[in-house]
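Worksheet for the structure shown next.
All figures in this text were calculated on a predicted structure; none of them were measured in a lab. The chains referred to below are lettered A, B, ... by the order of the sequence lines, with proteins before strands, and numbering in each begins at 1.
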Protein chains: 2
Amino acid sequence: MRSDARQNRKRILDATAGLVLEVGGEPSRDAVAERAAVGIGTVYRHFPDRQSLLHATARHVLVRTIEAGESIVSDVDSADALGEYMHAAIDNGIGVVNILHPLLDDTDWPDLQARAGSLMTALIERNRRDHPDRTDLSVGDIAFATIRFGRPLAIGLPPDEDRAIAHGQLARYIDGLHSRIDTTTRTATRATTRTPPLRRPGEQTPT
Amino acid sequence: MRSDARQNRKRILDATAGLVLEVGGEPSRDAVAERAAVGIGTVYRHFPDRQSLLHATARHVLVRTIEAGESIVSDVDSADALGEYMHAAIDNGIGVVNILHPLLDDTDWPDLQARAGSLMTALIERNRRDHPDRTDLSVGDIAFATIRFGRPLAIGLPPDEDRAIAHGQLARYIDGLHSRIDTTTRTATRATTRTPPLRRPGEQTPT
DNA sequence: TCTCAAGCGGAGGCTTATGCTCCGTTTGTG
DNA sequence: CACAAACGGAGCATAAGCCTCCGCTTGAGA
């Protein structure tokens with residue numbers, strides 16, 4: 001692969017990730033090309049169909065995030081590896097993977113799934129060491145949180161501001177995880193007393 | 001207004017809100033009509049242009065949410081009005097307002113803005129009474145959180161499951177707010193040490 | 001019960017956005 | 001220096017969504 005081709009490939013992936021985060025949903029290939037500052041033909045040459053582009057973008061982000069996580073886990077000096085990982089996941093654009101998720105095939109990447117699994121386990125294990133008083137964290141607590149906080153709060157907010165809010169809120173969430181044991185009872189009670197969901201009475205969309 | 005017309009209007013608004021939440025972005029009028037189980041003509045008769053439909057939908061949700069909040073604030077028995085409000089806001093579909101926000105005119109609804117303002121103030125005031133040890137909550141802490149947790153976590157997840165996760169995460173966040181004073185220093189430190197944002201080096205989208 | 005204005009449904013033509021191909025031009029690399 | 005590899009983007013094809021129009025249905029006042 002020629003060097004300029006490799007570079008363009010990366011530009012396209014970054015552009016796609018950016019668009020997914022900032023505009024939401026599936027970006028058009030024309031928009032990707034424009035943002036990546038390459039021709040449309042180049043996008044099509046690298047990624048012949050929509051699926052392959054989205055797939056590669058998600059993988060790109062996922063790998064980047066996992067690598068960041070692995071380096072954090074292995075840093076013995078970190079006092080709160082779990083929290084650091086979650087913040088890093090946001091900064092690496094993990095939200096993209098989630099937004100794209102429904103468009104991807106679940107059986108993709110058995111390799112990455114395994115790596116992500118080990119990473120999560122290690123983070124939880126590590127957290128148990130850093131904070132011996134709370135031992136009930138689940139993988140879902142972590143994974144879903146990175147997804148939630150990794151998405152833009154509002155389309156249209158300046159990305160920097162948006163990210164700042166996300167980090168602030170994530171910090172609160174992590175605090176909450178840490179105080180979890182004290183409050184489990186109360187929040188569980190809330191969950192059952194809550195008002196019913198919104199949903200119109202009759203109609204389904206039957207296809 | 002004839003009774004069937006009023007009913008249809010409501011079906012259309014609920015359908016729009018549901019689509020915005022579950023599919024994201026601006027739903028097509030055809031899709032709204034199908035989901036509401038009315039003819040396309042009916043949608044156009046009630047809402048002659050896109051703006052008026054989205055506008056009415058957002059207002060619909062907003063009013064519903066504010067009313068829920070007002071009733072919670074005035075309930076003297078509630079031990080945690082603020083938390084209850086935030087959970088209620090999710091259940092009332094507050095996420096819709098946020099998703100639609102960039103499409104709306106900021107100067108709309110001075111009336112509702114005032115009401116929402118009073119509500120927030122009352123909630124914060126009330127929280128200060130319920131939890132005298134923490135007095136530093138801001139309107140942003142509340143508003144942004146309802147927005148964040150009110151959006152679907154993942155397009156494609158069953159709505160019920162999605163909502164359950166949201167409530168669980170929100171509960172953690174609220175716990176975090178409550179433990180805020182203890183941890184402010186630590187999290188503030190994190191904020192400055194964090195790794196830089198993702199963003200490709202060169203290209204802007206000029207135009 | 002009857003009447004009819006108010007309201008409904010949805011076929012179908014128009015417009016716009018996006019998908020994708022194709023080929024002449026440019027460029028990295030041996 | 002030669003040339004395979006890679007690029008750009010005009011332009012046609014297709015799909016998605018917009019909106020009108022008019023004949024049919026129905027709620028509600030007399």
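The side chain to side chain contact (heavy atoms under 4.5 Å, CB included) check on B:V23 picks up B:L19, with sequence neighbours excluded. By the side chain to side chain contact (heavy atoms under 4.5 Å, CB included) test, B:H55 is found to be paired with B:L104, B:D108, B:W109, residues two or more places apart in sequence or in another chain being considered. Applying the side chain to side chain donor-acceptor pair (under 3.5 Å) rule to B:R151 yields no partners; only residues at least two apart in sequence or on another chain are considered. Under the side chain to side chain donor-acceptor pair (under 3.5 Å) criterion, B:S118 pairs with no residue, sequence neighbours left out. Every residue two or more places apart in sequence or in another chain that forms a side chain to side chain contact (heavy atoms under 4.5 Å, CB included) with B:I147 is listed here: A:L153, B:N98, B:F144. Residues forming a salt bridge (charged side-chain N to carboxylate O under 4.0 Å, His left out) with A:R29 (at least two apart in sequence, or on another chain): none. For A:Y173, the ring-ring contact (aromatic ring centres under 6.0 Å, His included) criterion is met by A:F149, not counting sequence neighbours. When the side chain to side chain contact (heavy atoms under 4.5 Å, CB included) test is applied to B:E125, the partners found at least two apart in sequence or on another chain are B:R128.
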Study note, to complete from the structure: B/S/- along nucleotides 9-18 of chain C (protein heavy atoms under 4.0 Å) is BB-------S

Exercise for review: Indicate for each nucleotide in nucleotides 24-29 of chain C, in 5' to 3' sequence, whether protein heavy atoms under 4.0 Å reach the base (B), only the sugar-phosphate (S), or nothing (-).
Suggested key: ---BSS

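Salt-bridge check for B:E22 with B:R35: passed, with a basic side-chain N closer than 4.0 Å to an acidic carboxylate O. In this structure, A:D175 pairs ionically with A:R172, as a charged nitrogen and a carboxylate oxygen lie closer than 4.0 Å. Between A:R59 and A:D111, at least one side-chain nitrogen of the basic residue sits less than 4.0 Å from a carboxylate oxygen of the acidic one, meeting the salt-bridge criterion. A:R64 has a carboxylate O that lies under 4.0 Å from a charged side-chain N of A:D14, or vice versa, which qualifies the two as a salt bridge.
End-to-end axis angle of the helix from C:dT1-D:dA30 to C:dG30-D:dC1, from C1' rotation axes over five pairs per end: 30° (rounded to 10 degrees).
Taking atom OH on A:Y44 and atom P on C:dT21, their separation rounds to 8 Å, with Å as the unit.
Results of the side-chain contact (heavy atoms from CB on, under 4.5 Å) test with B:L82 over B:D141, B:L137, B:I174 single out B:L137 as the only residue that passes.
You can see that DNA chain D meets the heavy atoms of chain B within a 4.0 Å-exclusive cut from D:dG17 to D:dA28, reading 5' to 3'.
For C:dG7, neither phosphate oxygen OP1 nor OP2 lies less than 4.0 angstrom from any side-chain nitrogen or oxygen of B:H46.
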